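Note that the structure is predicted; figures quoted are calculated from it, not measured.
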Amino acid sequence: VDAPDNDLMVPIAAALSYGHISAAQKLLSEGAGLSCTDKSGRTPLGWLQWGYPELYDKHAELLLSMESSYLRLKSEDINKKTATDFEFDI
């Protein structure tokens, strides 16, 4: 979900650059991040703020909260695993 295009823009940045909040929420639920930057140095939320300041004001906090919740759940999921749950190439 974070594979960049030739300009290093990831799908969530593309979605937010067009104001597609629901698509961004879906990408966040699948593990997309908000901290990456494209060639111009802009983050996904930076694209939203630049193109749709009214949507940024309304949704930025929710999007950041969703990302934080996903990362916390992923961390909790990993912490529940034991060494035998992982494959190691030795």
Side-chain angles (χ1 to χ4, degrees):
V1 295
D2 277 337
D5 65 10
N6 291 337
D7 293 321
L8 301 179
M9 184 179 267
V10 294
I12 193 167
L16 290 174
S17 73
Y18 289 101
H20 298 301
I21 301 299
S22 60
Q25 291 173 323
K26 175 65 175 163
L27 288 163
L28 283 169
S29 73
E30 298 295 325
L34 293 170
S35 61
C36 55
T37 58
D38 61 14
K39 281 185 177 180
S40 70
R42 192 171 279 148
T43 65
L45 284 178
W47 276 106
L48 182 65
Q49 187 176 29
W50 177 77
Y52 301 89
E54 70 286 353
L55 290 177
Y56 177 85
D57 292 342
K58 186 175 180 181
H59 296 286
E61 190 173 324
L62 171 66
L63 294 170
L64 287 167
S65 174
M66 286 183 68
E67 179 188 42
S68 176
S69 294
Y70 176 83
L71 293 173
R72 187 184 76 255
L73 289 172
K74 196 73 173 162
S75 174
E76 289 172 1
D77 200 33
I78 289 171
N79 289 335
K80 290 178 186 174
K81 295 184 182 234
T82 65
T84 57
D85 293 325
F86 296 94
E87 292 183 25
F88 296 97
D89 293 327
I90 300 177

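The heavy-atom pair separating Ala3 from Pro11 by the smallest distance is O-CD, 3.4 Å. Considering all non-hydrogen atoms of both residues, Pro44 and Cys36 come closest at CD-O, 3.3 Å.
Residue pairs meeting the side-chain hydrogen bond (donor to acceptor under 3.5 Å, both in side chains) criterion with at least one member in residues 16-28, sequence neighbours excluded: Lys26-Glu30. Evaluation of the salt bridge (charged side-chain N to carboxylate O under 4.0 Å, His left out) test over residues 51-68, restricted to residues two or more places apart or in two chains, returns none.
Listed by chain and number, the residues in a side chain to side chain donor-acceptor pair (under 3.5 Å) with Ser29 amount to none (sequence neighbours excluded). Annotation: side chain to side chain donor-acceptor pair (under 3.5 Å) contacts of Lys39 (sequence neighbours excluded): none.
Through side-chain heavy atoms spaced under 4.5 Å, either directly or across other Ile, Leu, Val, Met, Phe, Trp or Tyr residues, Ile21 is tied to Val1, Val10, Ile12, Leu16, Leu27, Leu28, Leu34, Leu45, Leu48, Tyr52, Leu55, Tyr56, Leu62, Leu63, Leu64, Met66. Other members of the cluster containing Trp50 are Met9, Trp47, with ILVMFWY side chains joined at under 4.5 Å, either directly or via other members.
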